[in-house]
2 protein chains.
Amino acid sequence: MKIELQISMNEALYLRNPESSELGRNILSHSVELIHKIGFEAFTFKKLAEVIGTTEAGIYRYFENKHKLLVYLTAWYWGWLEFQIRFQTNNIKDPTVRLKKVIDLLASAVEDDERTSHINEALLHQIIISEGSKAYLTKQVSEDNKQQFFKPYKDVCEVIGNIISECSPGYIYPKSLASTIIEMAHFQNFFMNNLPSLTDFGKTKQVTEIISFLNHLVFASIKKL
Amino acid sequence: MKIELQISMNEALYLRNPESSELGRNILSHSVELIHKIGFEAFTFKKLAEVIGTTEAGIYRYFENKHKLLVYLTAWYWGWLEFQIRFQTNNIKDPTVRLKKVIDLLASAVEDDERTSHINEALLHQIIISEGSKAYLTKQVSEDNKQQFFKPYKDVCEVIGNIISECSPGYIYPKSLASTIIEMAHFQNFFMNNLPSLTDFGKTKQVTEIISFLNHLVFASIKKL
DNA sequence: TATTTATGATAGTAATACTACTATTTTAAA
DNA sequence: TTTAAAATAGTAGTATTACTATCATAAATA
């Protein structure tokens, strides 16, 4: 039996639901590939339309502009990741074990998830690493936030913050520590591969080392002194 | 006596040295103001030229494009900050005290430095917080890195990494911890002001709380167990 | 004084980021 | 079954962006 995994998206992110038609799904899958290939700055709706074999205007019927599309893709990613976290930590009693599992999920290279047909999660994970922060590092961040565009990201942060608090009820920075490990899971990966002298993993370039670093950082922080 | 502070810049960052002429210094000072005001995405050389009262072509004689200008400004900032760190930690024996001072410098709101006439460090600090990562989160990061554009950033990271190692010679992630506190000094500030639920400082919005968080994070991490 | 150098003004091009309009197909109601 | 509404596709056009090139003039310097 094949189970389809549907992630419910904020309707203000699109003009027409891209999950609802062939063209829409093509926009999602090919935008992931194209952004991964040429980077978000060089990515345009015209180039995307050429790849898909449709017209620029066709893309604009689904997304207002490329910023909205990036926010859509990041929101999708965080929604998908929250599901992964809930699924993979389900039935694990010990919050410490759950927290370790979360760090694994955040930092590990993602494999393409068969349950979501059109989006390649492995490529999307790479995009989140190198382009993800651009979704909120803008002048419109507050307006976008009012429209709840970043809710999936904040939800993941909250879930992780809650596990941290479960591990260590007295720790007073659970949310900041959560956002720190989320961001660092990505930044240390980017640095390791592109600016290796900013990390201690430049020689081996192993994600497992990032995981060890993050585990040490987190468990040292929440330990009762 | 007024002492001028000159930061030596990588020559590949500009076409004509902006420190060498009135127009060049105007480009620097007004680009800081304009990027701060409208954000890097909306910032164009045409708008900058209008503000300064010159022409677009005039700006292009100094900088190849706005990306190079952003990289210039971030490199300038990190050069300036390294000087601040060396100056303010000079003659302090205890590496622990030095490390605390560094965290203060990274996270604190900057005041305009009288010794650098044209650049407003307070505004530049805000730009680094919200736009700084865009200098390296690009497809050209490796080429830019080969040209040493990020050396000032890496130097600051190395200085901090060395202090960490001095505090705790056995700690095996000094560089990654250094890049973590640098990035988090900025990201926690951005989150606190724009996406407060990602932090524990949303109520007071006090930079001192970020400093406490970072101090706890760092000293818990490097403590011998 | 001659000459390099910096700035200014104007124009032009290709690409980007859209919007508007028309044609066609699909669906759904009368 | 006819007809009208709705969705989709394609064409064309505009304003802005991101430059480049040219020429004139002013200032600095040799």
Side-chain angles (χ1 to χ4, degrees), chain A residues 11-31 33-35 37-73 118 131 134-135 138-140 143-144, chain B residues 9 11-31 34-35 37-73 118 131 134-135 138-140 143-144:
Chain A
E11 290 183 15
L13 280 171
Y14 51 77
L15 299 169
R16 184 175 311 213
N17 188 348
E19 301 271 4
S20 71
S21 73
E22 196 58 32
L23 176 57
R25 287 185 292 270
N26 268 322
I27 290 171
L28 295 181
S29 62
H30 287 93
S31 66
E33 279 165 29
L34 192 55
I35 294 172
K37 190 176 166 192
I38 65 175
F40 186 66
E41 272 70 44
F43 170 84
T44 69
F45 279 2
K46 192 168 185 205
K47 289 173 188 166
L48 177 62
E50 271 160 37
V51 171
I52 297 176
T54 182
T55 57
E56 228 182 327
I59 319 273
Y60 276 105
R61 268 181 217 111
Y62 285 83
F63 290 100
E64 223 179 305
N65 52 50
K66 71 175 187 172
H67 176 249
K68 282 269 173 70
L69 173 56
L70 179 66
V71 176
Y72 182 99
L73 291 174
H118 43 289
E131 322 283 359
K134 295 172 193 169
T138 68
K139 274 280 157 183
Q140 328 102 277
E143 290 148 59
D144 286 358
Chain B
M9 298 295 295
E11 290 183 13
L13 280 172
Y14 51 77
L15 300 169
R16 206 198 296 289
N17 188 349
E19 300 274 5
S20 72
S21 73
E22 195 59 30
L23 177 58
R25 287 185 292 270
N26 267 323
I27 290 171
L28 295 180
S29 62
H30 287 93
S31 65
L34 192 56
I35 293 172
K37 190 175 167 194
I38 66 176
F40 186 66
E41 272 70 44
F43 170 84
T44 69
F45 279 2
K46 192 168 185 206
K47 290 174 188 167
L48 178 61
E50 271 159 37
V51 171
I52 297 177
T54 181
T55 58
E56 228 183 327
I59 319 273
Y60 276 104
R61 275 187 207 107
Y62 285 84
F63 289 100
E64 221 179 306
N65 51 51
K66 72 175 187 171
H67 175 249
K68 283 268 172 70
L69 173 57
L70 179 66
V71 176
Y72 182 99
L73 292 173
H118 43 290
E131 322 282 0
K134 295 171 193 170
T138 68
K139 276 278 159 184
Q140 328 101 279
E143 291 148 57
D144 286 359

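Every chain is numbered from 1 and lettered A, B, ... according to where its sequence line falls, protein lines coming before strand lines.
Residues forming a ring-ring contact (aromatic ring centres under 6.0 Å, His included) with Y60(B) (at least two apart in sequence, or on another chain): F45(B).
The separation between I38(A) atom CD1 and dT16(C) atom C1' is 13 Å, rounded to whole Å. Rounded to whole Å, the distance from CZ on F63(A) to P on dT19(C) is 16 Å. Straight-line distance from the OH atom of Y62(A) to the P atom of dA7(D): 11 Å, rounded to whole Å. For H67(A) and dC18(C), the NE2 to P distance is 12 Å, given to the nearest whole Å. In this structure, L69(A) atom CG and dC18(C) atom P are separated by 12 Å, rounded to whole Å. Atom CD1 of I52(B) is separated from atom C1' of dA6(C) by 15 Å (rounded to the nearest Å).
Between G24(A) and Y62(A) the shortest heavy-atom distance is CA-CE2, 3.8 Å.
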Stepwise side chain to side chain contact (heavy atoms under 4.5 Å, CB included) check, I35(A) with L73(A):
CA-CA 11 Å; I35(A) 294 172; L73(A) 291 174; 4.0 Å; yes
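Near-neighbour residues of DNA chain C inside residues 11-21 of chain B, defined by a heavy atom below 4.0 Å, number-ordered: R16(B), S21(B).
At a threshold of 4.5 Å between non-hydrogen side-chain atoms, the residues E50(B) and H30(B) do not count as touching. Two residues are said to be in side-chain contact when any heavy atoms from C-beta on lie closer than 4.5 Å; N65(A) and K68(A) meet this criterion. Side-chain atoms of Q140(B) and H67(B), non-hydrogen and from C-beta on, do get closer than 4.5 Å to each other.
In this model, the phosphate group of dG8(C) is approached by a side-chain N or O of T54(B) to a distance below 4.0 Å at OP1 or OP2.
No donor-acceptor pair under 3.5 Å is formed between the side chain of K139(A) and the backbone N or O of F40(B). Although no hydrogens or angles enter the test, the distance criterion places a donor-acceptor pair under 3.5 Å between the side chain of K47(B) and the main chain of A42(B).
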With sugar-phosphate taken as primed atoms, P, OP1 and OP2 and all else as base, the protein-contact string of nucleotides 12-30 of chain D at under 4.0 Å (heavy atoms; B, S, -) is -----SBBBB---------
